[in-house]
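I have placed the structure first, in the form of structure tokens, so that the comments after it can refer back to it.
Along the sequence shown, residues are numbered consecutively beginning with 1.
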Amino acid sequence: MAKLVFGMNQSLNGYVDHMAFAPSPTLFRHFIEEAQRQAGSVYRRQMYEIMRYWDDDHPEWGAEERAFAVAWRSQPKRVVSRSLKSVGPNARLVENDLEGAIRELKAEHDGEIEVAGPDLARSLTELGLIDEYRIYLHPVVLGHGKPYFAGPRPPLRLMANDRIGEDVIRLTYVPAS
């Protein structure tokens, strides 16, 4: 059975905003390796549309960007949306019964399945489906963005902390219950 993992970059004051700060080369390499190991990803429409950037090759990419794109493209994806009528390669649309679709996805796969975005994570947290939370804490302060926890923070237990590169700490939590 797969483990559902919600992990995102976060500022010191709790915001996630992928446009406000970029990962260092070391952190990007970490994300490539994670994407290569993941059994899949789950997105809401808006985050999926942002990630579709990786569906097409871009001439300005270096080896690292190409490696991430290959890993991302190979993953099965679920896209939670009532407004989309179709999704791209290696993706399936989830229009109804989020809980049933995610339970089925977890049962069908082994390994880790990434949850992308705080709003989707809030819904899955409320359903008790997220197995692990990873906060990649950056030494920046933002005055805007979405909070990592889009709803009330669930009771959590710290399992690990790891330094990644020169300036990022990954905090790994599991539900306390």
Side-chain angles (χ1 to χ4, degrees), residues 2-35 38-54 68 72 75 77-84 87 91 94-95 97-99 101-103 105-106 112-177:
K3 175 168 65 170
L4 214 55
V5 176
F6 173 52
M8 292 194 79
N9 293 311
Q10 178 184 294
S11 68
L12 289 174
N13 57 337
Y15 290 113
V16 298
D17 185 343
H18 70 280
M19 301 303 281
F21 53 94
S24 68
T26 302
L27 184 57
F28 191 59
R29 169 51 52 199
H30 169 82
F31 289 144
I32 293 167
E33 291 168 3
E34 281 207 337
Q38 288 169 339
S41 297
V42 183
Y43 298 95
R44 278 223 167 124
R45 179 195 53 81
Q46 187 176 18
M47 184 64 77
Y48 176 68
E49 289 174 341
I50 290 168
M51 293 300 292
R52 292 285 317 263
Y53 168 81
W54 299 102
F68 183 84
W72 188 80
Q75 292 180 13
K77 297 166 223 23
R78 297 296 188 277
V79 182
V80 179
S81 175
R82 290 191 177 109
S83 61
L84 287 176
V87 290
V94 175
E95 297 175 278
D97 189 19
L98 175 63
E99 182 175 9
I102 300 307
R103 286 191 186 283
L105 179 65
K106 287 175 72 168
E112 294 182 356
I113 297 173
E114 170 197 33
V115 174
D119 292 327
L120 178 58
R122 181 193 70 229
S123 297
L124 295 172
T125 295
E126 290 169 358
L127 294 169
L129 294 174
I130 295 187
D131 301 295
E132 190 170 289
Y133 298 82
R134 293 180 186 155
I135 297 172
Y136 292 85
L137 191 61
H138 291 254
V140 297
V141 175
L142 301 177
H144 67 284
K146 287 190 175 260
Y148 179 91
F149 291 103
R153 185 184 62 80
L156 299 173
R157 187 174 73 238
L158 180 65
M159 298 303 290
N161 60 77
D162 306 290
R163 182 176 169 176
I164 301 176
E166 294 183 19
D167 63 350
V168 173
I169 300 293
R170 178 181 62 187
L171 302 169
T172 304
Y173 293 89
V174 297
S177 50

**OP:** With sequence neighbours excluded, tell me which residues meet side-chain hydrogen bond (donor to acceptor under 3.5 Å, both in side chains) with E112.
**Re:**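 Result, side-chain hydrogen bond (donor to acceptor under 3.5 Å, both in side chains) vs E112: R134.
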
Rounded to the nearest 0.5 Å, how far apart are [atom1] of [X] and [atom2] of [Y]?
{"X": "N9", "Y": "L137", "atom1": "CG", "atom2": "CG", "result": "10.0 Å"}
{"X": "D131", "Y": "F6", "atom1": "CG", "atom2": "CZ", "result": "14.0 Å"}
{"X": "Q38", "Y": "K77", "atom1": "CD", "atom2": "NZ", "result": "10.5 Å"}
{"X": "Q10", "Y": "L142", "atom1": "CD", "atom2": "CG", "result": "9.5 Å"}
{"X": "L156", "Y": "I135", "atom1": "CG", "atom2": "CD1", "result": "7.5 Å"}
{"X": "L124", "Y": "D119", "atom1": "CG", "atom2": "CG", "result": "11.0 Å"}

Over all atoms of both residues, closest heavy-atom pair of [X] and [Y]:
{"X": "P118", "Y": "P147", "answer": "CB-O, 3.4 Å"}
{"X": "I130", "Y": "A121", "answer": "CD1-O, 3.6 Å"}
{"X": "S83", "Y": "R45", "answer": "OG-CD, 3.2 Å"}
{"X": "P23", "Y": "F28", "answer": "CB-N, 4.0 Å"}
{"X": "M47", "Y": "G117", "answer": "CE-CA, 4.1 Å"}

**OP:** Would you please test R103 and L127 for side chain to side chain contact (heavy atoms under 4.5 Å, CB included) and show each step?
**Re:** CA-CA 10 Å; R103 286 191 186 283; L127 294 169; 5.8 Å; no

Donor-acceptor check, side chain of [X] to backbone of [Y], threshold 3.5 angstrom: yes or no?
{"X": "K106", "Y": "L129", "answer": "yes"}
{"X": "N13", "Y": "V141", "answer": "no"}
{"X": "E132", "Y": "K3", "answer": "no"}

Side-chain contact test, heavy atoms from C-beta onward, threshold under 4.5 Å: evaluate it for [X] versus [Y] and give yes or no.
{"X": "L120", "Y": "V80", "result": "yes"}
{"X": "I113", "Y": "R78", "result": "no"}
{"X": "S123", "Y": "R44", "result": "yes"}
{"X": "Y43", "Y": "V87", "result": "no"}
{"X": "Y148", "Y": "R153", "result": "no"}
{"X": "P175", "Y": "Y133", "result": "yes"}

Subject >> Crowding at CD, E33 (>12 non-hydrogen neighbours, <6.0 Å) >> reply: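 More than 12 within 6.0 Å, yes.
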
**OP:** Indicate whether any N or O donor in one side chain lies under 3.5 Å from an N or O acceptor in the other, for S81 and Y48.
**Re:**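 Looking only at side-chain atoms, Y48 and S81 do not form any donor-acceptor pair under 3.5 Å.
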
**OP:** Determine whether the aromatic ring centres of F31 and F68 lie less than 6.0 Å apart.
**Re:**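 Ring-ring flag for F31/F68: false, centres at least 6.0 Å apart.
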
Please tabulate, for the side chains in residues 159-169, all donor-acceptor contacts under 3.5 angstrom to protein atoms that are two or more places apart in sequence or on a different chain.
residue, atom, partner, partner atom, Å
D162, OD2, R170, NE, 3.3
D162, OD2, R170, NH2, 2.9
R163, NE, G165, O, 3.1

**OP:** Go through the steps for H138 and L27 under the test side chain to side chain contact (heavy atoms under 4.5 Å, CB included), then give the verdict.
**Re:** CA-CA 11 Å; H138 291 254; L27 184 57; 3.5 Å; yes

Subject >> Residue list, ring-ring contact (aromatic ring centres under 6.0 Å, His included) with Y53, at least two apart or on another chain >> reply: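 Counting only residues at least two positions away or on another chain, Y53 forms a ring-ring contact (aromatic ring centres under 6.0 Å, His included) with H58, W61.
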
